[in-house]
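Below is one structure, written out as structure tokens; comments come after it.
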Amino acid sequence: EVQLVESGGGLVQAGGSLRLSCAASGFAFEDYAIGWFRQAPGKEREGVSCITRRDGSPYYADSVKGRFTISSDNANNTMYLQMNSLKPEDTAVYYCAATGILLDYGFGCARFYSPDWGQGTQVTVSS
């Protein structure tokens, strides 16, 4: 059974940093596409940053490029999202996701097919 457990969310002032962690179990972590998504109130869930294991470099949404960094510790089945220079518009519930199936079309997080999700962790950035 796939399990994904996020941690590291919280309340931070604009300009601050947070590091999210996602502990994974129940699947071949190094073979799955992994990533971070977020959902703000009243908005659809969006892909923030993803590692497909097939592209040359991680995908980042334009809104977070240069501020967020995704990483993967395959030895410990854990992925991270380092978030710097946080803005109030980054406020959302952040979810980690994993999938063994990628669509043949699309790019980055949009290629995830029927991913498994963690329970989510709240990130609130105050102005």
Side-chain angles (χ1 to χ4, degrees):
E1 178 187 4
V2 173
Q3 287 194 327
L4 300 166
V5 180
E6 302 98 336
S7 61
L11 173 64
V12 64
Q13 288 188 331
S17 298
L18 282 174
R19 189 193 196 202
L20 304 183
S21 300
C22 175
S25 61
F27 63 100
F29 182 76
E30 65 275 12
D31 293 334
Y32 270 49
I34 57 174
W36 292 92
F37 294 71
R38 67 186 181 187
Q39 187 166 20
K43 294 188 177 181
E44 293 187 355
R45 190 174 298 188
E46 63 171 348
V48 175
S49 181
C50 295
I51 297 174
T52 64
R53 312 286 193 188
R54 300 177 195 178
D55 298 326
S57 56
Y59 163 86
Y60 293 95
D62 287 343
S63 58
V64 306
K65 282 181 181 176
R67 301 187 298 121
F68 290 11
T69 303
I70 190 172
S71 61
S72 172
D73 180 351
N74 292 342
N76 292 300
N77 288 2
T78 304
M79 72 174 100
Y80 303 96
L81 185 68
Q82 178 66 43
M83 305 185 295
N84 298 330
S85 301
L86 283 161
K87 304 175 181 180
E89 51 263 44
D90 294 318
T91 295
V93 178
Y94 284 70
Y95 300 89
C96 61
T99 182
I101 303 173
L102 291 174
L103 299 171
D104 290 334
Y105 53 87
F107 185 71
C109 301
R111 295 184 63 192
F112 279 41
Y113 177 79
S114 189
D116 290 286
W117 299 98
Q119 83 285 356
T121 186
Q122 177 70 46
V123 171
T124 302
V125 184
S126 63
S127 56

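Formation of a donor-acceptor pair under 3.5 Å by the Glu46 side chain with backbone atoms of Arg38 is not found in this model. A donor-acceptor pair under 3.5 Å links the side-chain atoms of Arg111 to the main chain of Leu103, judged by distance alone. Distance alone, capped at 3.5 Å, is enough to place a donor-acceptor pair between the Tyr60 side chain and the Ile70 backbone. Checked by atom type and distance alone, the side chain of Arg67 pairs as donor or acceptor with a backbone atom of Ser85 at under 3.5 Å.
Separating the OG1 atom in Thr99 from the CZ atom in Arg53 is a distance of 12.0 Å, to the nearest 0.5 Å. Taken to the nearest 0.5 Å, the CD1 atom of Ile101 stands 8.0 Å off from the OH atom of Tyr32. One finds the CD atom of Gln13 at 9.5 Å from the OG atom of Ser127 (value rounded to the nearest 0.5 Å). The distance from atom CD1 of Ile51 to atom CD of Glu30, rounded to the nearest 0.5 Å, is 13.0 Å. To the nearest 0.5 Å, the span separating CZ on Arg45 from SG on Cys109 amounts to 12.0 Å. Interatomic distance, Met83 CE to Arg19 CZ, rounded to the nearest 0.5 Å: 11.5 Å.
The shortest non-hydrogen separation linking Met79 to Ile34 is CE-CB, 3.4 Å. Annotation for Val5 and Gln119: closest pair CA-OE1, 3.7 Å, computed over non-hydrogen atoms. Shown here for Pro88 and Ala14, the closest heavy-atom pair between the two residues is CD-CB, 4.1 Å. Closest approach of Ala97 and Phe112 over heavy atoms only: O-CE2, 4.1 Å. Pairing each heavy atom of Ala33 with each of Leu102, the nearest pair is CB-CD2, 3.8 Å. The two residues Asn74 and Ser72 have their closest heavy-atom pair at OD1-OG, 2.8 Å.
With hydrophobic clusters built from ILVMFWY side chains whose heavy atoms lie under 4.5 angstrom apart, Leu81 shares a cluster with Leu4. Using a 4.5 Å cut-off between side-chain heavy atoms of Ile, Leu, Val, Met, Phe, Trp and Tyr, with links allowed through other members, Phe29 and Leu20 fall into the same hydrophobic cluster. Linking Ile, Leu, Val, Met, Phe, Trp and Tyr whenever their side-chain heavy atoms come within less than 4.5 Å puts Val48 and Leu18 in one cluster. Val64 and Val12 fall within a single hydrophobic cluster, where Ile, Leu, Val, Met, Phe, Trp and Tyr are joined by side-chain heavy atoms under 4.5 Å apart, directly or via other members.
Trp117 and Phe37 have perpendicular rings, their planes meeting at more than 60° on a 0 to 90° scale where under 30° would count as parallel. Tyr59 and Phe107 have perpendicular rings, their planes meeting at more than 60° on a 0 to 90° scale where under 30° would count as parallel.
Counting only heavy atoms from C-beta outward, the side chains of Trp36 and Cys22 approach each other to under 4.5 Å. Residues Asp90 and Phe68 form a side-chain contact, since some pair of their non-hydrogen atoms from C-beta on lies under 4.5 Å apart. The side-chain heavy atoms of Gln122 and Thr91, taken from C-beta on, include a pair separated by under 4.5 Å. Using a 4.5 Å cut-off on side-chain heavy atoms (C-beta onward), Tyr94 and Glu6 make no contact.
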Side chain to side chain contact (heavy atoms under 4.5 Å, CB included) between Glu89 and Val125, intermediate numbers included:
CA-CA 8 Å; Glu89 51 263 44; Val125 184; over 6 Å; no

